[in-house]
Amino acid sequence: MRDYNERSVLQTIVNYGPISRNEISKKLGLNKVSVSDIVGSFIDRKLVYSLGEAKSSNASGRKPELIEYNSAYGYVINFSLNGNTLEILATKLDGRSLDYNITDIDSQSISEIVSKMEEMVSQLPDFDTEFGLQAISIAIFGMVYQGEVVTSPFVEIDDFDLVGHFEAKYDVPVIVENEANLAAIFEQDFSKQELQNIVAVSIHDGIGAGIIINTQLYTGNYGQAGEIGRVIVQDKGPKKRRLSKLPSFDSEWSQQALLRKAARLKKDSAYTLTDLIADFNAGDAAINGLIEEFCYHLAVIVNNLIALYDPQMIFFNSPLIDALPEILKNIQMKLGFMPLVPPLVMSKDVTYATLLGGASQAIHRVLHMEGTRLIFHH
């Protein structure tokens, strides 16, 4: 019971602070003595601190002392690792960014990438925190099960133990998770809106979906839930082929695949996302037709996600859709036949969603608050 009460008090301070002991007591239905005792232990541990008396109060007499969460208790480091780039983001324990960097890692081995990660950590400035580094998160573009990378189409992890290696080197908890799952966590935890059931669709070099059901991340039995890039694209040929021979959504309609198709249409091997966006906005018929086909296939995927999970909202984390928001309107129109389509919205932060989702998981681990709703700053 003491552990439960401590978690509840800390949750209240994080989510609603600065807040007085009396307000905490009223919100949680705990007696003031218990709340004061718990808050005192948090102050001793430097998890929270006193701001002194409130500046204004409607009540007569002594003004209440306000308590605030100490986001400078420590910091967490968050990596995002895909086929081309390695990103690092350090944050305080309320999700506020401290430092960010990105570097290219094309065709490097996992040992070379790990060395680069350690180098990026060593280059971070000395942050003004009480106890320094507290945890590390690593986002992987691939399938992750219980902290181990099962498969990744972009990086050969081999049998390298990422968790064991970084825990041994830095003596802090290390979390490894799928990038789309972390994007979904970001949408939930960096929002003051109560989001119980959501799906976050991530479209980059590949495509995946992070699924939150009843506020909890759903990964399936072996971490395969949300691997929508593996969904088979319907065969248009006259002869049925083996399922193993059919194309997947990843191979046909990921951002990378889309650019390959556009490059063939334009006969330009160096064709980029910037070129595609410019040609679409200029009304290029071939590119507009390609985007229309992309919208059709993505609408099929979204239809299936709605049928399977009935989410409150579907978020999209995609540089392509961020640049061409009319894609979401197109999909919404294509799904007009459905009786109820949830809002289809862009991520609140296409650039940092995955990294901040990792920060959320890392902070939860540091505070021993897994499964508890904490509202972070964005």
Side-chain angles (χ1 to χ4, degrees), residues 76 78-89 91 95 97 100 102 137-144 147 149 152-155 175-191 193 195-213 215-220 223-231 249-250 254-256 298 301-302 305 309 311-323 325 327-328 331 342-364 373-378:
V76 296
N78 314 284
F79 289 103
S80 179
L81 174 60
N82 65 29
N84 301 311
T85 59
L86 172 66
E87 296 176 275
I88 184 173
L89 176 72
T91 76
S97 298
Y100 170 81
I102 184 170
S137 75
I138 304 172
I140 296 290
F141 285 68
M143 191 189 308
V144 177
V149 181
S152 175
F154 308 113
V155 179
I175 296 163
V176 176
E177 186 54 89
N178 168 270
E179 60 87 22
N181 290 343
L182 294 179
I185 289 170
F186 162 76
E187 301 299 346
Q188 175 184 245
D189 292 354
F190 285 78
S191 172
Q193 185 178 357
L195 298 174
Q196 301 281 328
N197 302 283
I198 63 171
V199 172
V201 178
S202 179
I203 305 173
H204 297 85
D205 291 346
I207 179 169
I211 302 158
I212 289 180
I213 299 176
T215 73
Q216 302 301 308
L217 181 66
Y218 177 72
T219 60
Q224 298 186 81
E227 288 292 317
I228 56 177
R230 294 164 54 194
V231 170
F249 199 88
D250 257 350
S254 66
Q255 184 170 290
Q256 196 175 53
L298 189 54
I301 291 289
V302 172
L305 289 172
Y309 302 110
Q312 285 172 271
M313 301 177 77
I314 299 180
F315 293 89
F316 290 82
N317 186 292
S318 165
L320 170 65
I321 300 177
D322 190 42
I327 287 175
L328 289 188
I331 294 169
L344 310 181
V345 297
M346 278 306 303
S347 169
K348 291 184 290 293
D349 195 327
V350 170
T351 304
Y352 301 111
T354 293
L355 290 161
L356 289 171
S360 172
Q361 279 212 327
I363 295 165
H364 275 83
R373 173 159 168 74
L374 298 176
I375 302 171
F376 297 116
H377 290 281
H378 182 247

Closest approach of Leu81 to Ile140 (non-hydrogen atoms, all atoms of both residues): CD2-CD1, 3.8 Å
Tyr100-Tyr352 aromatic ring centre distance below 6.0 Å: yes
Short side-chain donor-acceptor distance under 3.5 Å, Gln224 and Arg230: yes
Residues Ser137 and Glu177: side-chain donor-acceptor under 3.5 angstrom: no
Non-hydrogen atoms of Leu182 and Ala139 that approach each other most closely: CD1-CB, 3.5 Å
Distance (rounded to the nearest 0.5 Å) between Ile327 CD1 and Met346 CE: 9.5 Å
Pairwise distance CD(Gln216) to CD(Gln196) - rounded to 0.5 angstrom: 10.0 Å
Side chain Asp205, main chain Gln256, donor-acceptor under 3.5 Å: no
Heavy-atom closest contact (Ala183 atom, Ala200 atom, distance): C-CB, 4.2 Å
Over all atoms of both residues, closest heavy-atom pair of Glu227 and Met143: OE2-CA, 4.0 Å
Ile198 backbone acceptor or donor facing Gln312 side chain under 3.5 Å: no
Geometric cation-pi criterion, Lys348 with Phe186: 6.0 Å, 45°: yes
Plane angle bin for His364 and Phe376 - parallel if under 30°, tilted between 30 and 60°, otherwise perpendicular: perpendicular
Straight-line distance of Ile228 CD1 to Ile207 CD1, nearest 0.5 Å: 4.0 Å
Closest contact, heavy atoms only, Ile211 versus Ile213: CG2-CG1, 3.8 Å
Donor-acceptor side-chain pairing of Glu179 and Ser202 below 3.5 angstrom: yes
Any donor-acceptor pair under 3.5 Å from Ser80 side chain to Leu355 backbone: no
Minimum heavy-atom distance Ser254-Gly206, with the two atoms named: CB-CA, 3.9 Å
